[in-house]
Each structure stands twice: as structure tokens, then as C-alpha cells.
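To start, the structure under review is shown below, and the notes come after it.
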Amino acid sequence: MVDAGKRKPGRRTRRLYHSAKISDYQFKKVLWQFTLDHSAAEAASHVRLSANSISAIYAKLRRFFFDYRLFSDPYKGGDPRDGFDVEGYEDIEHLLLTFHLKRVSEKRGQLDSRMDAPDYHFAESNWRFDYHAMKADRGPDLVHKMMFENLLEFIRRFGPVGARRKPGFREWLEGRRLALEQLDRRIVWLERNSTRFRDPSARDELRRMRED
């Protein structure tokens with residue numbers, strides 16, 4: 001029998017969500033519903049939490065991912081073209097706005113933001129838009145799993161969510177770096193799996209995006 005005094009202390013892992021009442025298991029279930037873009041009311045039918053509690057977690061998730069640069073709003077802080085830094089940005093901008101307005105029309109509640117505050121919902125749409133095109137090639141199941149893992153990677157790196165602390169400059173840069181790494185992985189995935197990028201010229205365009 002091992003002497004209790006000689007046992008190595010168990011390694012404590014960082015909590016994913018800053019709450020004494022919600023376990024990491026429950027939080028992951030909410031995060032999955034968030035990944036699927038389910039409303040708080042719909043998520044409440046799958047998770048043993050109230051719609052109000054889930055809505056509060058959703059709000060904290062949006063702020064967290066915005067603060068750590070996974071979600072971004074290209075219209076805040078400068079020329080919108082800075083957020084669409086590829087040739088033909090006008091077409092991408094139109095598609096993104098159409099995608100966002102469709103998402104908003106399907107949601108209930110107030111999604112507007114103040115002019116002097118970040119639009120967390122639009123920043124979320126900006127992130128989701130990149131995955132939207134991928135679903136047509138391999139279906140939503142694989143893409144949703146990828147989205148969930150990318151969200152979880154950010155939380156494990158910078159969490160817990162809801163800790164009420166703003167990232168410092170170094171964390172801000174690290175978050176931006178991680179977001180770019182995830183973007184690079186998506187581009188590699190498109191290059192290897194998407195039927196629309198089998199054309200050599202399209203693959204060359206993807207490679208140029210990765211090198212920029």
C-alpha cells in the first residue's frame with residue numbers, strides 16, 4: 001500500500017468556466033449548442049440549465065472570443081477593407097453581410113449594439129462565415145466538430161470564460177496568433193478537401209493567402 005504522505009498531489013486543471021454552480025461537463029454541452037448556433041431556448045431543451053442561464057453564458061462566450069481576437073468586427077477601428085484583405089473584398093463583404101442578416105433574422109431578442117461598443121453578434125457571424133462554405137463540401141457534422149475544437153482550444157489557452165479579466169497586450173497578440181493558426185488550418189483543409197479548390201489556380205490562390 002502506498003504511503004498517503006508520499007502520494008503525488010493530483011494535477012489540477014484550469015476550469016473552463018468561472019462558476020461554482022456549472023461544471024465543465026455542463027459548460028461543454030452549452031458550448032456545443034453554441035457551436036451549432038442554437039438559440040438559448042433551443043439549447044435549454046438539450047442541457048439541464050434554464051434558457052436565461054444559457055443566454056448569459058452565450059453572452060460571456062461572445063465577449064471572451066472577441067477579447068482574445070477569435071471573433072472580430074472588420075468595421076470597428078478602421079477601413080472595412082482591413083478586414084477583407086483579399087482581392088474582390090466587395091463580393092466577400094456582400095456575402096458576409098447577407099449571411100449575418102439571415103442569422104439575425106432567425107434569432108429572437110435584441111441583437112443590436114451601440115455605436116460606441118463592439119457588435120459581438122456581427123463578430124460571431126464573421127467567424128462563422130468562414131466555416132459556412134466548408135459545410136457544403138463535407139457536411140455540417142465534421143465542420144461543427146472542427147468549430148467546437150477551435151473554440152475549446154481558445155478557452156483552454158486563455159480561460160476560464162467569465163473570469164472578468166481583460167487580456168493584456170501579450171495575451172491579445174497570442175490570441176491573434178492562435179486565430180491565424182486556426183485560419184491556416186482551415187485553408188489547408190480547403191486545399192485538401194474542397195471540390196471547388198481542385199483547380200490549380202484556385203489552389204495557388206489559397207497558398208498565397210497562407211503566405212500573406
Side-chain angles (χ1 to χ4, degrees), residues 9-73 99-100 103-104 106-109 111 118 120-135 137-167 171-172 174-186 188-189 193:
R11 184 179 179 182
R12 297 185 63 184
T13 57
R14 180 189 294 179
R15 291 290 305 273
L16 301 176
Y17 184 65
H18 186 71
S19 172
K21 297 181 179 179
I22 297 174
S23 67
D24 282 351
Y25 174 75
Q26 286 177 305
F27 176 73
K28 282 184 180 180
K29 292 184 73 173
V30 175
L31 183 64
W32 177 246
Q33 296 298 312
F34 181 82
T35 302
L36 299 178
D37 207 13
H38 285 172
S39 67
E42 187 175 2
S45 65
H46 300 281
V47 184
R48 299 188 67 176
L49 291 171
S50 69
N52 286 340
S53 294
I54 292 173
S55 181
I57 295 173
Y58 277 10
K60 291 176 183 178
L61 284 169
R62 292 186 183 100
R63 285 194 295 270
F64 176 86
F65 293 127
F66 186 89
D67 286 345
Y68 286 96
R69 304 300 294 165
L70 180 61
F71 293 179
S72 61
D73 181 353
F99 173 76
H100 172 64
R103 280 192 67 236
V104 169
E106 295 171 352
K107 303 291 182 182
R108 294 183 179 181
L111 299 186
Y120 296 116
H121 291 278
F122 180 69
E124 179 189 349
S125 289
N126 191 28
W127 175 76
R128 290 184 182 278
F129 178 72
D130 287 341
Y131 295 93
H132 180 66
M134 299 168 68
K135 294 179 183 178
D137 292 296
R138 293 293 296 272
D141 292 343
L142 179 64
V143 177
H144 283 148
K145 183 178 179 181
M146 183 188 303
M147 294 168 71
F148 178 81
E149 291 300 328
N150 285 348
L151 294 175
L152 200 57
E153 184 177 15
F154 256 83
I155 295 170
R156 284 176 171 152
R157 180 81 64 89
F158 302 111
V161 172
R164 294 183 180 179
R165 62 182 181 87
K166 287 279 188 179
E171 287 182 310
W172 186 89
E174 188 179 351
R176 187 172 186 275
R177 202 158 36 236
L178 180 55
L180 290 173
E181 286 176 11
Q182 292 184 353
L183 174 61
D184 191 60
R185 290 179 220 156
R186 292 198 297 274
V188 170
W189 186 93
N193 296 281

If the condition is side-chain hydrogen bond (donor to acceptor under 3.5 Å, both in side chains), which residues does [X] pass it with, not counting sequence neighbours?
X    : value
K145 : none
H18  : none
K21  : none
E174 : R157

Return the [atom1] to [atom2] distance between [X] and [Y], rounded to the nearest 0.5 Å.
X    : Y    : atom1 : atom2 : result
S45  : Q33  : OG    : CD    : 7.0 Å
N126 : H100 : CG    : NE2   : 10.0 Å
F71  : S125 : CZ    : OG    : 9.5 Å

Excluding sequence neighbours, so at least two apart, what forms side chain to side chain contact (heavy atoms under 4.5 Å, CB included) with R63? A59, K60, Y120

Verify the ring-centre separation between Y58 and F34: is it less than 6.0 angstrom? yes

With sequence neighbours excluded, what pairs up with [X] under the ring-ring contact (aromatic ring centres under 6.0 Å, His included) test?
X    : value
F158 : Y68, F154
W32  : F148
Y131 : W127
H144 : none

Is there side-chain contact between [X] and [Y], with heavy atoms separated by less than 4.5 Å?
X    : Y    : value
I57  : V161 : no
H121 : V104 : no
R185 : M146 : no
P118 : D73  : no
Q26  : L49  : yes
L70  : N150 : no

Which residues satisfy the salt bridge (charged side-chain N to carboxylate O under 4.0 Å, His left out) test with R15, sequence neighbours excluded? D24

Of all residues at least two apart in sequence or in a different chain, which pass the salt bridge (charged side-chain N to carboxylate O under 4.0 Å, His left out) check with E171? R165

Would you find a donor on one side and an acceptor on the other, under 3.5 Å apart, between the side chain of T35 and the backbone of L31? yes

Main-chain N/O of G159 paired to R14 side chain as donor or acceptor, under 3.5 Å: yes

Quick one: do I155 and L61 satisfy side-chain contact (heavy atoms from CB on, under 4.5 Å)? Show the steps, please. CA-CA 9 Å; I155 295 170; L61 284 169; 4.2 Å; yes

Which residue pairs pass the salt bridge (Lys or Arg N to Asp or Glu O under 4.0 Å) test when at least one of the two sits in residues 35-47, sequence neighbours left out? D37-R103, D37-K107, D37-R128

